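Before any comments, here is the structure.
Worth saying up front: this structure is predicted, and the values here are computed from it rather than measured. Protein chains get the first letters and strands the later ones, always in sequence-line order, with residue 1 at the start of each. The figures that follow rest on heavy atoms only: side chains count, while hydrogens, waters and symmetry mates do not.
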Number of protein chains: 2
Amino acid sequence: MKYSRQRELILNTVIRLKGHPTADMVYRALRDELPNISLGTVYRNLRLLSEMGILRRISLPDGADRFDARVDGHDHMVCTRCGRIFDISLDILSGLEQSVTDQTGFQVASHSLVMEGLCKDCQINIQKERGI
Amino acid sequence: MKYSRQRELILNTVIRLKGHPTADMVYRALRDELPNISLGTVYRNLRLLSEMGILRRISLPDGADRFDARVDGHDHMVCTRCGRIFDISLDILSGLEQSVTDQTGFQVASHSLVMEGLCKDCQINIQKERGI
DNA sequence: TTAATAATAGGAATTATTACTGTTTTTAGT
DNA sequence: ACTAAAAACAGTAATAATTCCTATTATTAA
């Protein structure tokens, strides 16, 4: 694999944007620095970086895939009101794959867990709205 | 909501096919009985039935959504070799949403958990292939 | 029986993503 | 530094899954 400035900037952009951006968000953010960058290049490099384990792809039940610069074992929560995505890493989830392997005989290699609900901020905002 | 023969047959087909069919699988299976049925009708009714809680939509990390006639709380495993989808319902997973709500303050309403790996059959088949 | 309304078939449109192609960059070996 | 092979790029076309649109048909309550 050869170096490319585009790939370097794509990776930096995912890291910089935090908030688990989509390919399109990365593309838009990059157009300031690289006005000619192609959306296909963004997709291809996000896929390559994810396959290499440098990024992590997050598939949500609907909408475009997200990309996460944090690649250690953790899961995600999506707030259905504000749309933000939060990391969760709980003890009960750490041994999840092994537990399922042990109890079912299915050899679990990976998993995808996405929780949906209301984040703390949105719970508070809903309370405020009700109060008015 | 009015009755329709198409909707009734779509539901029966998901129940009959078992194996967590996609919209397209339901469509193909139905063409024997209803040669003129439209793919759009299948999609619309699968969506309606899922929104009503009569079916359950399963979103996998890639490929088309699946539909499940079993709507009680359970999760899924996808075999990466044969592609089959298996139900799992383990004790450790039953209180998952409540645990996350308690420990994070995020108000969890639903979740999607998909395990990937090798089913028992495929583990055995791989052993056999190695033996030859 | 009829009028309203929901549902349909068939096709167009949308969204997310990958594939293709001719050109440009990168890089290893001279 | 020079050059040839390989990789990556930009731009565009293609694909897959799904929803939307519209004129017609089916269902149902009065």
Is any side-chain N or O of A:R7 closer than 4.0 Å to OP1 or OP2 of D:dA8? yes

Just checking A:D65: base, sugar-phosphate only, or nothing, at a heavy-atom cut-off of under 4.0 Å? sugar-phosphate

Comparing A:P35 and A:L48 on DNA chain D - which has the more 5′ nearest nucleotide: A:L48

Which nucleotide sits closest to the side chain of A:R44: C:dT17, D:dA8, C:dA9? D:dA8

Compare every heavy atom of A:Y27 with every heavy atom of A:L39, then report the nearest pair and how far apart it is. N-CE1, 3.5 Å

Counting side-chain heavy atoms from C-beta on, which of D:dA10, D:dC9, C:dA16 comes nearest to A:S4? D:dC9

Mind checking the CG-CG spacing from B:D32 to B:L9? Nearest 0.5 Å is all I need. 11.5 Å

Look at the side-chain N and O atoms of B:Q6 and state whether any lies under 4.0 Å from the OP1 or OP2 oxygen of D:dA26. no

For A:I37 and D:dC9, give me the distance from atom CD1 to atom C1', rounded to whole Å. 9 Å

To the nearest angstrom, the CZ-C1' distance between B:R66 and D:dT18 comes to 16 Å

Using a strict 4.0 Å threshold on nitrogen-to-oxygen distance, state whether B:R81 and B:E129 make a salt bridge. yes

Figure out the CG/P separation between B:L60 and D:dA17, and round it to whole Å. 12 Å

Reckon A:Y43 has a side-chain N or O less than 4.0 Å from the OP1 or OP2 of C:dT17? yes

Taking atom C1' of D:dT18 as reference, at what distance in whole Å does atom CZ of B:R57 sit? 9 Å

Nearest-Å distance for atom pair CG/P, residues B:D62 and C:dT17: 11 Å

Is it the case that B:R47 and B:S50 place a side-chain donor and acceptor less than 3.5 Å from each other? no

Which nucleotide sits closest to the side chain of A:M1: C:dA9, D:dA8, C:dT26? D:dA8

Looking at D:dA8, D:dT18, D:dG11, which one has an atom nearest to any side-chain atom of A:S38? D:dG11

Only residue of B:I88, B:D68, B:L90 satisfying side-chain contact (heavy atoms from CB on, under 4.5 Å) with B:H74 is B:D68

Are OP1 or OP2 of D:dA10 and a side-chain N or O of A:T41 less than 4.0 angstrom apart? yes

Side-chain contact check for B:N45: nearest option of D:dC9, D:dT19, C:dT8 is C:dT8

Below 4.0 angstrom from OP1 or OP2 of C:dT25, is there any side-chain N or O of A:R5? no

Rounded to the Å, how far apart are A:Y27 OH and D:dA10 P? 9 Å

Compare the minimum distances between each of D:dA6, D:dT28, D:dC20 and the side chain of A:K2, then state the nucleotide with the smallest one. D:dA6

Please state how far atom CG in A:N36 lies from atom P in C:dT24, giving the value in whole angstrom units. 13 Å

Search all heavy atoms of A:V114 against all heavy atoms of A:S59 and return the closest pair with its distance. CG2-O, 4.0 Å

What is the distance from CD of A:E33 to C1' of D:dC9, rounded to the nearest Å? 17 Å

